[in-house]
Amino acid sequence: MERGRRAWFRPWVGGVLLPAVAGAGFGLYWFQPWKLWQDETVQEALPVAADDARAPSAAPSADGSSAPSPAGPVTLSSGELISHEHATSGTVRLVRLADGSHVVRLENLDTSNGPDLRVWLTDAPVKEGRAGWHVFDDGTYVSLGKLKGNKGSQNYALPADVDPARYSSVSIWCDRFDVSFGAAELARA
């Protein structure tokens, strides 16, 4: 009797245990739950373009006097992050550097860590609550790269061919689950 039970038990264990272990492994890879307890803090200064390192040049004004030309970063628009799928706070600024390039700057960011988080510049409106979780991939967006850290202040360069005037919001986007962790409406400065 013992031998018959053992022969029946082995195929059943292999047939159930192997898919269960494979499913658990896939679930851990897909959801990466340990990231909920791992914070990554990044503190970057606002980039200084090569032209910013020089002293501002004096340019003659209409009345003939010399006035310094504006140099350094200029904030074009900004907004406060609101929470979507995860509690998120901080400030977003769209900044033009002295060399004409643009960066999206996240300041005092505080959100949950998660799998495959990206920073998106979008043309979607920012909506409160669950209504705003999934709107950012409906229109035009530009992925500025992976989120460097879920806490701190960091910069994301815009590609040279991107016109920042076409975009009105920024989202911390989870590409794996197609959901916004948080977003900010950009108001012109």
Side-chain angles (χ1 to χ4, degrees), residues 19-44 46-47 73-96 101-159 161-189:
V21 168
F26 178 76
L28 286 172
Y29 167 76
W30 190 252
F31 289 99
Q32 298 178 359
W34 58 87
K35 285 195 169 189
L36 292 173
W37 295 279
Q38 293 177 333
D39 289 330
E40 294 179 43
T41 302
V42 173
Q43 293 293 349
E44 293 180 331
L46 187 63
V74 176
T75 299
L76 303 176
S77 56
S78 63
E80 293 293 321
L81 286 162
I82 64 166
S83 299
H84 280 148
E85 172 70 20
H86 291 264
T88 302
S89 62
T91 303
V92 176
R93 293 193 305 149
L94 177 59
V95 179
R96 183 180 62 232
S101 64
H102 296 87
V103 296
V104 166
R105 177 153 174 83
L106 305 177
E107 295 179 329
N108 302 313
L109 173 66
D110 188 1
T111 190
S112 298
N113 204 342
D116 207 14
L117 294 180
R118 308 283 173 156
V119 177
W120 279 12
L121 183 63
T122 77
D123 66 352
V126 175
K127 298 178 182 178
E128 297 270 345
R130 291 183 65 92
W133 287 15
H134 302 283
V135 300
F136 298 100
D137 58 349
D138 294 342
T140 303
Y141 63 88
V142 176
S143 178
L144 302 179
K146 288 190 173 214
L147 186 68
K148 296 173 185 176
N150 63 308
K151 296 187 181 301
S153 298
Q154 47 213 266
N155 307 300
Y156 297 86
L158 271 65
D161 62 342
V162 171
D163 177 11
R166 294 185 56 213
Y167 301 93
S168 59
S169 60
V170 172
S171 173
I172 308 299
W173 185 258
C174 180
D175 216 18
R176 174 135 331 138
F177 295 105
D178 292 329
V179 67
S180 173
F181 273 35
E185 189 82 35
L186 296 173
R188 301 289 173 217

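All values reported here derive from a predicted model rather than from experimental measurement.
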Return the CH2 to CD distance between W173 and E85, rounded to the nearest 0.5 Å. 10.5 Å
Rounded to the nearest 0.5 angstrom, the NE2-OG distance for H84 and S180 is 5.0 Å
Give the intermediate values and the outcome of side chain to side chain contact (heavy atoms under 4.5 Å, CB included) for residues L81 and T111. CA-CA 10 Å; L81 286 162; T111 190; over 6 Å; no
Between R176 and P115 the two heavy atoms that sit nearest each other are NH1-CB, 3.5 Å
How close do V103 and P47 get, counting heavy atoms only, and between which atoms? CG1-CG, 4.1 Å
Any side-chain heavy-atom pair from V179 and H134 closer than 4.5 angstrom? yes
Looking at every non-hydrogen atom in both residues, tell me the closest pair between A124 and S169 and how far apart they are. O-OG, 2.7 Å
NZ (K151) and OG (S112) are apart, to the nearest 0.5 Å, by 7.5 Å
Under 3.5 Å, which donor-acceptor pairs do the side chains of residues 136-146 form with other protein atoms, sequence neighbours left out?
none

Looking only at heavy atoms, which two atoms of E40 and N113 are closest? And how far apart? OE2-ND2, 3.4 Å
Residue pair I172 / W120, side-chain heavy-atom distance below 4.5 Å: no
Is there a side-chain contact between L46 and R93, using heavy atoms and a 4.5 Å cut-off? yes
State which residues pass side chain to side chain contact (heavy atoms under 4.5 Å, CB included) with E128; sequence neighbours excluded, sorted by chain then number. I82
Is the shortest heavy-atom distance from the side chain of L147 to the side chain of Q154 under 4.5 Å? yes
Got L121 and L186 here, is their nearest side-chain heavy-atom distance under 4.5 Å? yes
Check the pair T88, L109 against side chain to side chain contact (heavy atoms under 4.5 Å, CB included), reporting the backbone distance first and the verdict last. CA-CA 7 Å; T88 302; L109 173 66; 4.2 Å; yes
What is the minimum heavy-atom distance between G90 and E80, and which atoms define it? O-OE1, 3.2 Å
Side-chain donor/acceptor of S153 to backbone N/O of N108, under 3.5 Å: yes
Could you tell me which residues satisfy side chain to side chain donor-acceptor pair (under 3.5 Å) with R96, sequence neighbours excluded, listed by chain and number? none
If you round to the nearest 0.5 Å, how far is OG of S171 from CZ of F181? 10.0 Å
Separation between CD (E107) and CD (Q43), nearest 0.5 Å, reads 10.0 Å
Just to verify, which of V162, L158, V104, L94 counts as forming a side-chain contact (heavy atoms from CB on, under 4.5 Å) with Y167? V162
Nearest-0.5 Å distance, CG of residue N150 to CG of residue D110: 7.5 Å
